[in-house]
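A short worksheet on the structure shown next.
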Amino acid sequence: MIQTPEFLSFLEEHGSAATGLLRTVVARLRHSSQRQLEFGTSDALGRLCACMLRMLDRYGGTDDRGPHVTMPLAQHEIAAMTGLSREAVVKGLRSLRALGWIDLQARDLTVLDFAAMQSRATS
């Protein structure tokens, strides 16, 4: 384990390492603030839509029906990410299917109405 004085000395000698560390800390703080805002202002369906869109952006592509992703997370993991219960995630996914915004077969998610999902995620 490196001691604090040694670490600070290293950062002073290697400015690029300090800059990289600062960028990482700022990105994590920004992400944390964004999630706090999301949890405080969005309802369950809005948070679920935002989560689905983040997964689509990070892991997805497009097929003949539209934006598509094989979901990398299980429902309980989505629940943890969104601050919801697993039951609320199941209910939300059912609602999104009923609205015609998504098609979900096992873990294959296709977004059928991207604009509606995006609008709901940011409202």
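Contact detail for Leu93 and Ile102: the closest heavy-atom pair is O-CD1, 3.9 Å. Contact between Pro72 and Met55 at its shortest, heavy atoms only, is CD-SD, 3.6 Å. Counting all heavy atoms, side chain and backbone alike, Leu11 lies closest to Ala17 at CD2-C, 4.1 Å. For the residue pair Cys51 and Ile78, the shortest heavy atom distance occurs at SG-CG2, 4.0 Å. The shortest non-hydrogen separation linking Leu84 to Ala44 is CD2-CB, 3.5 Å. The two residues Gly92 and Leu45 have their closest heavy-atom pair at O-CD1, 3.7 Å.
Interatomic distance, OG of Ser9 versus NE2 of His14, reported as 9.0 Å (0.5 Å rounding). Interatomic distance, Gln118 CD to Met52 CE, rounded to the nearest 0.5 Å: 15.0 Å. Atom-to-atom distance recorded for Arg86:CZ and His76:NE2 is 9.0 Å, nearest 0.5 angstrom. With rounding to the nearest 0.5 angstrom, the CD atom of Gln105 is 8.0 Å from the CZ atom of Arg97.
Two residues are said to be in side-chain contact when any heavy atoms from C-beta on lie closer than 4.5 Å; Asp43 and Arg120 meet this criterion. Annotation: side chain of Leu96 is in contact with side chain of Met117 (closest heavy-atom distance under 4.5 Å).
At a threshold of 4.5 Å between side-chain heavy atoms, the hydrophobic network of Ile, Leu, Val, Met, Phe, Trp and Tyr places Val90 and Met81 in two separate groups. Linking Ile, Leu, Val, Met, Phe, Trp and Tyr residues whenever their side-chain heavy atoms come within less than 4.5 Å places Tyr59 and Leu56 in a single cluster. One hydrophobic cluster holds both Leu21 and Ile2 under the rule that ILVMFWY side chains link at heavy-atom gaps under 4.5 Å. If you chain together hydrophobic residues whose side chains sit under 4.5 Å apart, Leu104 and Trp101 fall into the same group.
In this structure a side-chain-to-backbone donor-acceptor pair under 3.5 Å is present from Ser95 to Lys91. Put simply, the side chain of His68 gets close to the backbone of Leu109: a donor and an acceptor are under 3.5 Å apart. Between the Arg107 side chain and the Leu73 main chain, a donor and an acceptor come within less than 3.5 Å of each other.
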